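A short worksheet on the structure shown next.
Here is the naming used below: chain letters follow the sequence lines, and residue numbers restart at 1 for every chain. Since the structure is predicted, the reported quantities are computational estimates derived from the model, not experimental observations.
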Number of protein chains: 2
Amino acid sequence: MAFMIAQRAFIKLYLITMVEQHRGYGYQMLEELRQQFKSHGYAPPQSEIYRALHELVQEGVLYRTKQLKGNDPRVDFQEIVLYHFTADGAEKAKLYKQQVKQDLDRCLGILHKAVNDNYG
Amino acid sequence: MAFMIAQRAFIKLYLITMVEQHRGYGYQMLEELRQQFKSHGYAPPQSEIYRALHELVQEGVLYRTKQLKGNDPRVDFQEIVLYHFTADGAEKAKLYKQQVKQDLDRCLGILHKAVNDNYG
DNA sequence: TCATGAACATAGTGTTCATTA
DNA sequence: TAATGAACACTATGTTCATGA
C-alpha cells in the first residue's frame, strides 16, 4: 500500500486526457502542464512526461506518428511526435483513469484527514 | 518543487501532534496510525515512524526518556522510549506544522484540480 | 531555442534482519 | 510477541547530457 499517488500515474492521467482532446505533442503538453500547475508550486520535470508517454506506448494505450511541426518544410524542419489511441487504447485508458480516480480519492481522504487531525 | 508531500513529513506531523497530547511511544504510535489509516488503504511502515522520531530528535524538537512499560519490574522488563518537547521544541514544532499545512493545502489543490480536469 | 530521448545519480522508501532491562 | 533500531535493496524521481528534418 503506497502512501501518495505516484507522479508518473498523475502525469499519465493528464496525458490521456490531452490525447482524448487530440492535443499536442510531448513538449507542448509539458509546457501546458507547467503553465497550469505553476501557481500550485509544481513544475513537472521534462523527463517524466516523456517517460510517461513511453510507458503508455509500451502498454499499448497509445501509438506514435511523426510529423513536421511547420507546414512549410523549407522553413521548419522540426520533427514532432504525435500520440493517438490504439484500437483498444481508449478502452484501456478508460480503465486506467478509473483506477487513478480511486487513488486520487484515496489521497484526498488521507490529506483531508491529516488537516482535520492536526489543525484547529 | 516536489510533487506530493513526503511520507516522512506527513508522519512527523502526526507524531508532533501525538507528543503534544503526551501520547505514547514509538510502537504504540505506529499501531495507532495503522489503525486510523487502515480504511484509507495506507499502512505506514515501521521504519518510517522510527526514522521520523529520530529526525525530530536530531532537529532538536524532541528529546527521549526511557521507561519500563509495566509498573512491576519483576514481571515486565520491556523498555519503551518516550518523547517530549525540548525547551524550544514546542515553538519549532509549531513552525514545522505551519510549513506542513502549506504543503498539505498545496497537495490538496493539485489533487482537486486533477479531479476537475480529468473527470466529469 | 525547440523537441525528443537517454544516461546518470540520488533520495526516499520498503523489506528484511538484529537485539532485547 | 512487543519494542526499538539498523542494514540492505530498490524504485521512482531529478539532473544532466546528447542529438538534431
| query | On DNA chain C, nearest-nucleotide positions of B:Y42 versus A:L82: which is more 5'? | reply | A:L82

| Quick one: B:L68 CG to D:dA2 C1', roughly how many Å, whole number? | 14 Å

| Can you check whether A:L56 reaches A:V19 side chain to side chain, under 4.5 Å on heavy atoms? | no

| task | Quick one: label B:F3 by what it contacts on the DNA or RNA (base, sugar-phosphate, nothing), any heavy atom closer than 4.0 Å. | result | nothing

| query | Got a minute to check which stems DNA chain D is part of, using Watson-Crick or G-U wobble pairs under 3.5 Å, three or more consecutive? | reply | C:2-20 with D:2-20

| message | Just N and O in the side chain of A:Y27: are any of them under 4.0 Å from OP1 or OP2 of C:dT4? | response | no

| request: Give the rounded distance in Å between these two atoms: OH of B:Y25 and P of D:dA2. | output: 10 Å

| request: Name every residue in residues 6-17 of chain B that has at least one heavy atom under 4.0 Å from any atom of DNA chain C, in order of residue number, or write none if there are no such residues. | output: B:A6, B:Q7, B:R8

| message | Can you measure A:R34 atom CZ to C:dA3 atom C1' for me and round it to whole angstrom units? | response | 13 Å

| task | May I ask you to test the A:R34-A:Q46 pair for a side-chain heavy-atom distance under 4.5 Å? | result | yes

| said: Just N and O in the side chain of B:K69: are any of them under 4.0 Å from OP1 or OP2 of D:dA2? | reply: no

| Between D:dT4 (P) and B:L30 (CG): distance, integer Å | 9 Å

| Ion pair A:E48/A:R51, N-O distance below 4.0 Å | yes

| task | State, with a plain yes or no, whether a side-chain heavy atom of B:L53 is found less than 4.5 Å away from one of B:Y83. | result | yes

| Close side-chain approach of B:H84 to B:L82, heavy-atom, < 4.5 Å | yes

| query | Has the side chain of B:Q46 got a donor or acceptor that lies under 3.5 Å from a partner of the other kind on the base of D:dG5? | reply | yes

| task | For residues A:M4 and B:C107, determine if any side-chain heavy atom of one lies less than 4.5 Å from a side-chain heavy atom of the other. | result | no

| Taking all non-hydrogen atoms of both residues, which atom of B:I11 and which atom of B:P44 are closest, and how far apart? | CD1-CB, 4.2 Å

Which atom pairs, one a donor and one an acceptor, fall under 3.5 Å between side chains of residues 24-31 of chain B and the rest of the protein, sequence neighbours left out?
none

Please tabulate, one pair per line, all N/O donor-acceptor pairs under 3.5 Å involving side-chain atoms of residues 108-120 of chain A, not counting sequence neighbours.
residue : atom : partner : partner atom : Å
A:H112  : ND1  : A:L108  : O            : 3.1
A:K113  : NZ   : A:D117  : OD2          : 2.7
A:K113  : NZ   : B:Q36   : OE1          : 2.7
A:D117  : OD2  : B:Y14   : OH           : 2.7
A:N118  : OD1  : B:T17   : OG1          : 2.5
A:N118  : ND2  : A:A114  : O            : 2.8
A:Y119  : OH   : B:K97   : O            : 2.7
A:Y119  : OH   : B:K101  : N            : 3.2

| message | On DNA chain C, does the nearest nucleotide to A:V81 precede the nearest nucleotide to B:I5 from the 5' side, or the other way round? Give the residue. | response | A:V81

| task | Grab the CD-P distance between B:E31 and D:dT1 for me, whole Å please. | result | 12 Å

| field | Any A:E20 side-chain heavy atom under 4.5 Å of A:F85 side chain | value | yes

| task | Anything under 30° is parallel, anything over 60° is perpendicular, the rest tilted; go ahead and classify A:Y42 against B:F3. | result | tilted

| Got a sec, which residues hit side-chain contact (heavy atoms from CB on, under 4.5 Å) with B:E55, two or more places apart in sequence or on another chain? | B:R8, B:K12, B:E59

| Rounded to whole angstrom units, what separation is found between the CD atom of A:Q78 and the C1' atom of C:dT1? | 9 Å

| Looking at residues 47-55 of chain A, who's got a heavy atom less than 4.0 Å off DNA chain C? | A:Y50, A:R51, A:H54

| request: Take atom CD of B:Q67 and atom P of D:dA3, then tell me their distance rounded to the nearest Å. | output: 12 Å

| field | Closest-nucleotide ordering on DNA chain D, the 5'-leading residue of A:P45 and A:I80 | value | A:P45

| Spacing between A:Y83 atom OH and C:dA3 atom P, to the nearest angstrom | 13 Å

